[in-house]
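Here is the naming used below: chain letters follow the sequence lines, and residue numbers restart at 1 for every chain. Just so we're clear, the structure is a prediction, and the values are computed from it rather than from any experiment.
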Amino acid sequence: MIGRASPVRIRQPAWWVAIVRAGPGASARLHSMANLEQLLQKRLTPAFETVAGAPADPSLRRSQHADFQADGALPLARKLGRNPREIAADVVRHAHLDDLCQSVEISGPGFINLTFAEDALAPLIAEMAGQGRLGVAPVTQPDTVVIDYSAPNVAKEMHVGHLRSTVIGDAAVRLLEWLGHRVIKANHLGDWGTPFGMLIEHLLDIGETEAAHELSLGDLNSFYRAARAKFDTDDAFKERARTRVVALQGGDEQTLRLWRLLVDESEKYFLAVYDRLDVCLTEKDFFGESFYNDRLHPVVQELDRLGLLRDSEGAKVVFPQGFTNRDGDPLPIIVQKRDGGFGYGATDLAAIRYRTQELHANRLLYVVGLPQKQHFEMVFEAAREAGWLTTAARAQHVGFGSILGPDGKILRSRAGDTIKLVELIDEAVARAAALVAEKNPDLDDETRAEVARMVGIGAIKYADLSNDRVKDYVFDWQRMLSFDGNTAPYLQYAHARIRSIFRRGGVAAPAGLSAVAVSEPAERTLAIELLAFEGVVATVAETLEFHRLAAYLYTLATAFTAFYEKCPVLRAEGETRESRLALCDLTARVLARGLTLLGIGAPVRM
RNA sequence: GCGCCCGUAGCUCAGCGGAUAGAGCAGGGGACUUCUAAUCCCAAGGCCGCAGGUUCGAAUCCUGCCGGGCGCACCA
């Protein structure tokens, strides 16, 4: 019953890169007009093909020298035996760009610098502003995605080790659901296994009422420790615990009732934590290890029938291809232990089989720490060999690094214990409340409390999501709660500040504009940034690299600030004012949407 | 031993085949009768761990080292 984020694992820092098994289907999506890169891609690809005589990548990217640059002419030089500048010129001749670009220049060794025309940007922004979905169309072919995340252990406290899985998994749920995929949240609760013998016996010792009381208070650690202490020191207790495990696995009704009590109380507690953390997990999302109990024997039988099952030192195992141990021998997944019990390998295989064959999922995400990378590689390989993971379905280990303290070691309390998640949340909200009170004393108590909650929780989540998830990151209150830099409070403030423009001006966002002026450089920069939203969302949906979305939002907020410095809004008049108000509103909506996708609230005032 | 990950400015991090390597923080210098200064501007700060290689072009790809960390059967 050691959950996926077991402290044993978390204690050990590691940086493991997630494998992204590129399956056959990045989800199909509609071409969006509100994506400048895609527009250029569509125009340049045929031109490159014509010039090269074969499909050739235009190699488009954002540029410091123009809005975009296409570098695809350079690699063609050798292939075609021509000067790359001439190739670039040829491509430009064949590409229809007049209606999009005000300038197309060839520079350096053969870069094509592309600058959009105001007349092209104006209606695109107007169109984006007119849509609720901000230029991001729902997918045409939704995936059925199972996201396996959070995974706390029954009768054990949720601690910082569960933070990343919960936060990253929650962001994945929000993003993929928003894009129109069918998302199934799978909270792989550690609710089964040998420790339940001692936990149930301890429960009996102190009485059900007292046990329920302790657990409902969230005092899970002391409950677990007390059980553990007796188990380690009291032989009679140890024997009772062993007997109890047998009864549990044998389906003894009284034992199952007590087990259920433990699970129920723990689930209530976890739900309270999720609520405080503002994550989407509900009581319907618990798919604990015990859920697969009935499906373990069938897994063994089917592996046997397929000829994949081997006997090794008395245990039933499978040897997925391509893995060896320290002696160079094949590395097994233990399916059934020598004593007849099942290990996590069996549960994980049963879960894959269930998810692909019964839930008909075609994308499986495992938001689990990087030390388990090899384990998942092996399980995925075994599942492929068994035919449970086919080319139509893909599994992705969404791995992540550790959270470090200021000393560069795994984050712990000063006493050296793991830090409870609730304590972390309390501190974040308390710090945020102090900050908000100091910055804006005019807010009423209720608003201030609500803002503090959004800022505090947002700071924790954003600190996590704005870092490349495969790397470790340093947990630092000062930095994550700063209103400067790439932080949640900065983005939230940028959003609130825009909303205050409308409040102060007593105006509503203009609707139904056919064009939004982007003649000022700061307007142009902001417009181009806004139109990049769709591309970023699509990329992140595939890679689950949420720090890219975070970086985008920060760049957008920066672009807005520059615009706001240079371009008066309420003091402007006529069409200019309308147009700028539209830019303000659109920026605020993209910021709010982006933050929402990350699971972070965007207060309208703060 | 085999395998995997990380090493970029003083600090925290982006960039991962394209032009002079970018932010934020800290430190230096400026800008407030404000559309929220909870802000912005300027300057300074880099043998992109080291050495080879591939390429028209390498922080980015390959190989080998160095440093830090992790995994390698009945715990998940």
Footprint string (nucleotides 16-21 of chain B, 5' to 3'): B base within contact, S backbone only, - free, heavy atoms under 4.0 Å: S-BBB-
Students often get this wrong, so: under 4.0 angstrom with heavy atoms, is [X] touching a base, only sugar-phosphate, or nothing?
X	result
A/V474	sugar-phosphate
A/A315	base
A/C567	base
A/R338	base

According to a strict under-4.0 Å criterion, is A/H547 in side-chain N/O contact with OP1 or OP2 of B/G15? yes
Run the ring-centre check on A/Y552 versus A/F546 and record whether the distance is less than 6.0 Å.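 Ring centroids of A/Y552 and A/F546 are no less than 6.0 Å from each other.
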Excluding sequence neighbours, so at least two apart, what forms ring pair (Phe, Tyr, Trp, His ring centres under 6.0 Å) with [X]?
X	answer
A/Y473	none
A/Y493	none
A/F475	A/W477
A/H297	A/F342

Qualifying residues under side chain to side chain donor-acceptor pair (under 3.5 Å), relative to [X], sequence neighbours excluded:
X	result
A/S59	A/R61
A/Y292	A/R355
A/D67	A/R524

Residue closer to the 5' end of RNA chain B, A/Y564 versus A/A551 (nearest nucleotide): A/A551
Hey, which of these two, A/I501 or A/G314, hits RNA chain B nearer its 5' end, going by closest nucleotide? A/I501
Got a list of side-chain donor-acceptor pairs under 3.5 Å for residues 579-588 of chain A, not counting sequence neighbours?
residue	atom	partner	partner atom	Å
A/S579	OG	A/A517	N	2.6
A/R580	NE	A/E523	OE2	2.8
A/R580	NH1	A/P568	O	2.8
A/D585	OD1	A/R499	NH1	3.4
A/D585	OD1	A/R499	NH2	3.1
A/D585	OD2	A/R589	NH1	3.2
A/T587	OG1	A/L583	O	2.7

Check nucleotides 38-43 of chain B for protein N or O atoms closer than 3.5 Å to its own N or O atoms and list the pairs.
residue	atom	partner	partner atom	Å
B/A38	N6	A/N440	ND2	3.2
B/A38	N6	A/M606	O	2.9
B/U39	OP1	A/F483	O	2.6
B/U39	OP1	A/D484	OD1	2.4
B/U39	OP2	A/D484	OD1	2.7
B/U39	O2'	A/E565	OE2	3.4
B/C40	OP1	A/Y490	OH	3.2

Could you tell me whether A/R62 and A/E529 have a side-chain N and a carboxylate O separated by less than 4.0 Å?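 A/E529 and A/R62: salt-bridged.
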For RNA chain B, what string of dots and brackets results from 5' to 3' when Watson-Crick and G-U pairs need both distances under 3.5 Å, crossing pairs get [ ], and pairs with another strand get |? (((((((..((((....[...))))..((((.......))))......(((((..]....))))))))))))....
Just distance, no hydrogens or angles: give the donor-acceptor pairs under 3.5 Å from side chains in residues 315-324 of chain A, sequence neighbours left out.
none

